[in-house]
Amino acid sequence: MPRKPAPRRSAVKKSAADPRAHSRLVVDGLAQTPARAMLRAVGYTDADFTKPSIGIASTWSNITPCNVHLDGLANAAAAGADAAGGKSRQFNTITVSDGISMGSPGMRYSLVSREVIADSIEVVAGAQGFDGLVAVGGCDKNMPACVMALARLNRPSVFVYGGTIRPGAHRRDIVSVFEAVGGRAAGTVSEATLHDVEITAIPGAGSCGGMYTANTMASAIEALGMSLPNSSAQEAVSNSKIDDCRRAGEAAVRLVRAGLTPRQIMTRAAFENAIVTTIALSGSTNAVLHLLAMAREAGVKLSLDDFTRLGKRTPVLADLKPSGKYLMSELIDIGGIRPLMKALLDEGLLHGDVLTVSGQTLAEDLRDVRDYPAGQTVIRSFADPVKPDSHLVVLHGNLAPEGAVAKISGKEGLQFSGRARVFNSEEASLQAILDGKVKAGDVVVIRYEGPKGGPGMREMLSPTGAIMGKGLGDKVALITDGRFSGGSHGFVVGHVSPEAAVGGPLALVRNGDRITIDARKRELTLVVPAKELAARKRAWKAPKPYTTSGVLGKYAASVSSASLGAVTSPIEAVKPVRKAARKSR
C-alpha cells in the first residue's frame with residue numbers, strides 16, 4: 001500500500017539547546033583569555049564572542065574544475081551565517097580529481113581522500129569548538145566525506161553542493177573524452193576530432209555533467225535531508241548557487257538555535273529516501289559505497305540488501321547520461337529533482353515525515369512543488385519508466401559471497417555469459433582493450449584493485465570508456481573488485497567482495513573460465529567445480545602489496561570490505577553493521 005504523505009506540521013520547535021554549547025568551552029572565562037587574544041588577530045570583536053561559532057568547511061582548490069570556484073561559494077555561506085547572527089570561520093581541506101587521476105596510479109588516492117577529508121573536518125571542528133557547520137563540496141569523494149564528518153560531529157550542519165558544469169560543445173562532457181579515446185583506438189574517431197573533443201568537453205567550473213557520482217551524491221544528500229531544497233540541481237556558475245550558499249549559512253545558525261542535529265535528520269528512513277531517489281535518477285554505483293559509509297557514521301544500520309529490497313519497487317525514471325540521453329543542466333532546466341521527489345512521495349515511495357535542514361519535514365518541503373512541464377522527456381512517468389526496477393543490482397554467488405554491485409540499465413540485456421579474460425591491474429586491461437585483444441563474448445576480469453589490494457579501489461572509467469568507444473558495450477562484460485566512475489556504462493559489475501587481495505574467489509579465476517552474470521536471479525557465478533576452486537585456493541598466494549608505507553599503507557591496513565562501505569573506522573564500530581548485513585541475508 002502506498003504510504004500516505006505526512007501531515008503538515010512544523011518540524012522545528014523551540015529548543016532549550018545552548019547555541020554556544022561548543023564555542024563557549026573555547027572562548028569563555030578567565031582561563032580562555034589566550035584563545036580570545038588569538039581570535040582577535042583574525043577579526044573577532046567583543047560582540048563576536050557571544051555569537052554561535054559557525055565553521056565553513058570548503059574543499060576549494062584549483063586542481064580540478066569541480067572545486068575551482070568553491071572559495072567564492074564558501075564566502076557566500078560565511079556571509080549568510082554572519083548576517084543571521086553567527087560568527088563564521090572558514091577553513092579548507094583537501095580534494096583530489098578523479099577525472100585527472102583516472103587510469104593512473106594516482107587514482108589509488110581517490111577513495112582514500114574520502115577518509116582523509118572526513119577526518120580533517122572532524123579534527124578542525126572538534127579542536128576549534130564550532131557550534132555548527134556548513135560544508136561545501138564539489139567532487140565525488142569530498143561530498144560523502146563532508147557528510148560523514150557532519151554525522152560524526154553531530155553538530156547542527158548543512159551541506160552545500162558546488163553545482164554541475166555546463167555542457168561543452170555538442171553536449172559533450174568528460175565521458176565524451178574517455179569514449180573518444182576508445183573510438184580513436186578503434187579507428188572510428190580521427191585525431192582532429194579527438195583533439196576537438198578534448199578542448200571543448202570541459203568549458204569551465206563545476207562537477208561532471210551527467211548523472212555521474214557528483215550529481216548522484218548531491219541528489220542523494222538532498223534527498224537525505226542534509227541540503228536545502230534544490231541545492232543538488234543548480235549550475236556551478238549561477239546566481240542560484242550563490243544564493244543557495246548564503247541561505248545555507250543562515251540555515252546553519254537557525255539549526256544551532258533550534259538544536260537540530262545531523263543524526264536527527266540522517267535516520268534510517270532518510271537513508272531509504274536517498275536510496276530511492278538515487279535509483280529513480282539512475283545514479284552511480286558509487287552511491288552504494290558512499291551511502292553505506294555515511295550511514296555507518298550516522299549510527300544507522302544499512303546493508304546491501306536494503307538496496308535490493310528498495311530496488312524491487314523503485315523504477316528508474318530519469319533518462320540521464322551515461323546510459324541515457326540528457327545532462328544535469330537539462331534536468332535543471334525543467335525543475336531539478338524536486339518534482340521527481342514529489343512524485344515519488346505521492347506514490348508512497350518516500351518517507352514524508354523525516355526532518356530536513358530546512359527545519360521542516362520533507363512533505364512540507366515538497367508541498368508546493370510544481371510538476372515538470374508538459375512534454376518534457378528527461379523524466380519519464382511511472383507508467384512508462386526507463387526500467388521498472390532498479391539499475392543498481394546487488395549480486396551474490398560463488399564469485400561474490402559478500403556481494404557485488406552491477407549497473408544494469410536494461411539496454412545491455414539482463415544476462416551475460418562468457419569467457420574470462422583475466423588482468424591483475426587496470427593498466428593491463430586497458431592496454432589489451434586498446435590493442436584489440438578483448439573480443440566479443442569476453443568477460444574482462446580486473447582484480448587486485450579492491451580497497452586493500454589497490455589499495456584504494458580505483459575506478460575503471462578508462463577500461464569501460466575504451467570498451468564503449470570500441471563498439472563492444474553490448475558484447476563484452478567487465479567485473480572487478482574495484483569501482484566504477486559514475487560515467488561508466490555497459491555490462492559492468494564492481495565492488496566484488498571479498499576482494500582478490502584477501503583471497504576472495506576473484507583471485508581464483510583463470511583465463512577461459514566461464515562466468516555468468518544474471519541480473520534477474522541477482523547471481524554472479526564462476527562456472528568451475530567447487531573441488532577445482534578449493535584446489536586453486538590452496539595453491540593461491542597473496543601478491544606483494546603495492547605499498548606498506550604512507551597513507552596508502554595505512555589505508556590498506558585499516559579499510560573494511562566494499563560490502564561495508566570501505567570505511568576505515570575502528571573494527572568495533574563496524575561490527576554491528578556487519579552483523580546486520582549477515583542477518584538480513
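Owing to the predicted nature of the structure, the values given are computational and were not obtained by experimental measurement.
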Enquirer: Please determine, by modelled atom types, if Asp243 and Ser240 share a side-chain donor-acceptor pair under 3.5 angstrom.
Expert: no

Enquirer: Determine whether Lys321 and Val175 satisfy the following criterion, side-chain contact (heavy atoms from CB on, under 4.5 Å), listing intermediate values before the conclusion.
Expert: CA-CA 9 Å; Lys321 289 193 172 190; Val175 175; over 6 Å; no

Enquirer: For Gln90, give me all partners under side chain to side chain contact (heavy atoms under 4.5 Å, CB included), at least two apart in sequence or on another chain.
Expert: Ile56, Ala74, Asn75, Ala78

Enquirer: Step by step, would you call Glu272 with Arg309 a side-chain contact (heavy atoms from CB on, under 4.5 Å)?
Expert: CA-CA 10 Å; Glu272 290 189 353; Arg309 175 177 56 83; 2.8 Å; yes

Enquirer: Working note: Arg171 + Glu330, criterion salt bridge (Lys or Arg N to Asp or Glu O under 4.0 Å); need CA distance, chi angles, decisive distance, verdict.
Expert: CA-CA 10 Å; Arg171 299 178 65 252; Glu330 293 164 308; 3.0 Å; yes

Enquirer: Measure from the side-chain N and O atoms of Lys470 to the backbone N and O of Leu434, and report whether any donor-acceptor pair falls under 3.5 Å.
Expert: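 Pair found, side chain donor or acceptor close to backbone of Leu434.
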
Enquirer: So which heavy atom on Tyr212 is nearest to which on Ile174, and how close?
Expert: CE1-CG2, 4.4 Å

Enquirer: Check the side chains of Ser61 and Asn67 for a donor-acceptor pair under 3.5 angstrom, ignoring hydrogens and angles.
Expert: no

Enquirer: Which atoms form the tightest heavy-atom contact between Ile221 and Met143, and what is the distance?
Expert: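 Minimum heavy-atom separation between Ile221 and Met143: CD1-O, 4.0 Å.
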
Enquirer: Would you say the side-chain atoms of Thr59 pair up with the backbone N or O of Thr93, donor to acceptor, closer than 3.5 Å?
Expert: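 Checking the backbone N and O of Thr93 against the side chain of Thr59, no donor-acceptor pair under 3.5 Å is found.
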
Enquirer: Please round to the nearest 0.5 Å and tell me the distance separating atom CD1 of Ile54 and atom CZ of Phe130.
Expert: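 Here the interatomic distance stands at 9.5 Å.
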
Enquirer: Looking only at heavy atoms, what is the nearest atom pair of Arg483 and Met457, with distance?
Expert: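 Arg483 and Met457 have their closest heavy atoms at NE-O, 2.6 Å.
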
Enquirer: With distance as the sole test, does His290 use its side chain to make a donor-acceptor pair with the main-chain N or O of Thr213 at under 3.5 Å?
Expert: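 No; zero donor-acceptor contacts below 3.5 Å.
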
Enquirer: Out of curiosity, Glu347 CD to Thr314 OG1, how far, rounded to the nearest 0.5 Å?
Expert: 11.0 Å

Enquirer: Considering only NZ, NE, NH1 and NH2 on the basic side and carboxylate oxygens on the acidic side, decide whether Lys342 and Asp368 come within less than 4.0 Å.
Expert: no

Enquirer: By the definition side chain to side chain contact (heavy atoms under 4.5 Å, CB included), identify the one residue from Asn286, Leu289, Leu304 that meets it with Val405.
Expert: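 Checked Asn286, Leu289, Leu304 against Val405; only one passes side chain to side chain contact (heavy atoms under 4.5 Å, CB included): Leu304.
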
Enquirer: Once you round to the nearest 0.5 Å, how far does OG of Ser207 lie from CG of Asn142?
Expert: 8.0 Å

Enquirer: Looking at every heavy atom in both Thr95 and Ile63, which two are closest together, and how far apart are they?
Expert: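 So the two residues come closest at O-CD1, 3.2 Å.
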
Enquirer: Any idea which heavy atoms bring Ala135 and Leu150 closest together, and the distance?
Expert: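 Shortest heavy-atom contact: CB-CD1, 4.3 Å.
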
Enquirer: Does any N or O in the side chain of Arg108 come within less than 3.5 Å of the main-chain N or O of Gly454, such that one atom is a donor and the other an acceptor?
Expert: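 It does hold such a pair.
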
Enquirer: Check whether any side-chain N or O of Arg166 sits under 3.5 Å from a backbone N or O of Pro203 as a donor-acceptor pair, and report yes or no.
Expert: no

Enquirer: Would you please test Val567 and Arg114 for side-chain contact (heavy atoms from CB on, under 4.5 Å) and show each step?
Expert: CA-CA 9 Å; Val567 296; Arg114 186 189 73 180; 4.1 Å; yes

Enquirer: Going by atom types only, do Ser231 and Asp244 share a side-chain donor-acceptor pair under 3.5 Å?
Expert: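 Yes.
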
Enquirer: May I ask you to check whether Thr568 and Glu115 show a side-chain donor-acceptor distance below 3.5 Å?
Expert: yes

Enquirer: Can you name the nearest heavy-atom pair linking Met460 to Arg458, along with the distance?
Expert: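 Scanning both residues completely, I find the closest heavy atoms to be CE-O, 3.3 Å.
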
Enquirer: Could you grab the distance from atom OG1 of Thr278 to atom CG of Leu291, nearest 0.5 Å is fine?
Expert: 5.5 Å

Enquirer: Keeping Arg380 on the side-chain end and Asp319 on the backbone end, is there a donor-acceptor pair under 3.5 Å?
Expert: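 Not at all, since once roles are kept as given, no pair shorter than 3.5 Å links the two residues.
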
Enquirer: Taking atom types as modelled, is there a side-chain donor on Gln264 or Thr261 under 3.5 Å from an acceptor on the other?
Expert: yes

Enquirer: Measuring from Leu349:CG to Ile279:CD1, what's the distance to the nearest 0.5 Å?
Expert: 9.5 Å

Enquirer: With the threshold set at 4.0 Å, does a side-chain nitrogen-carboxylate oxygen contact exist between Glu459 and Lys141?
Expert: yes

Enquirer: Looking at Asn215 and Cys208, would you say the former's side chain and the latter's main chain have a donor-acceptor pair under 3.5 Å?
Expert: yes

Enquirer: Would the distance check show the side chain of Trp60 and the main-chain N or O of Val68 forming a donor-acceptor pair, the cut-off being under 3.5 Å?
Expert: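 Yes; judged by distance alone, with no hydrogens or angles, the pair exists.
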
Enquirer: Short question: side chain of Thr464, backbone of Leu461 - any donor-acceptor pair under 3.5 Å?
Expert: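 At least one qualifying donor-acceptor pair exists.
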
Enquirer: If you round to the nearest 0.5 Å, how far is CD1 of Ile100 from OG of Ser110?
Expert: 12.0 Å

Enquirer: Are the side chains of Arg172 and Asp196 in touch, meaning some heavy atoms are under 4.5 Å apart?
Expert: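 Result yes, sub-4.5 Å side-chain heavy-atom pair found.
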
Enquirer: Does any part of the side chain of Arg338, heavy atoms only, come nearer than 4.5 Å to the side chain of Glu222, both counted from C-beta?
Expert: yes

Enquirer: Return yes if a side-chain donor-acceptor contact under 3.5 Å exists between Thr216 and Ser284, otherwise no.
Expert: no

Enquirer: Examine the side chains of Tyr161 and Ser219 and answer whether a donor and an acceptor come within less than 3.5 Å of each other.
Expert: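 No - no donor-acceptor pair under 3.5 Å links their side chains.
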
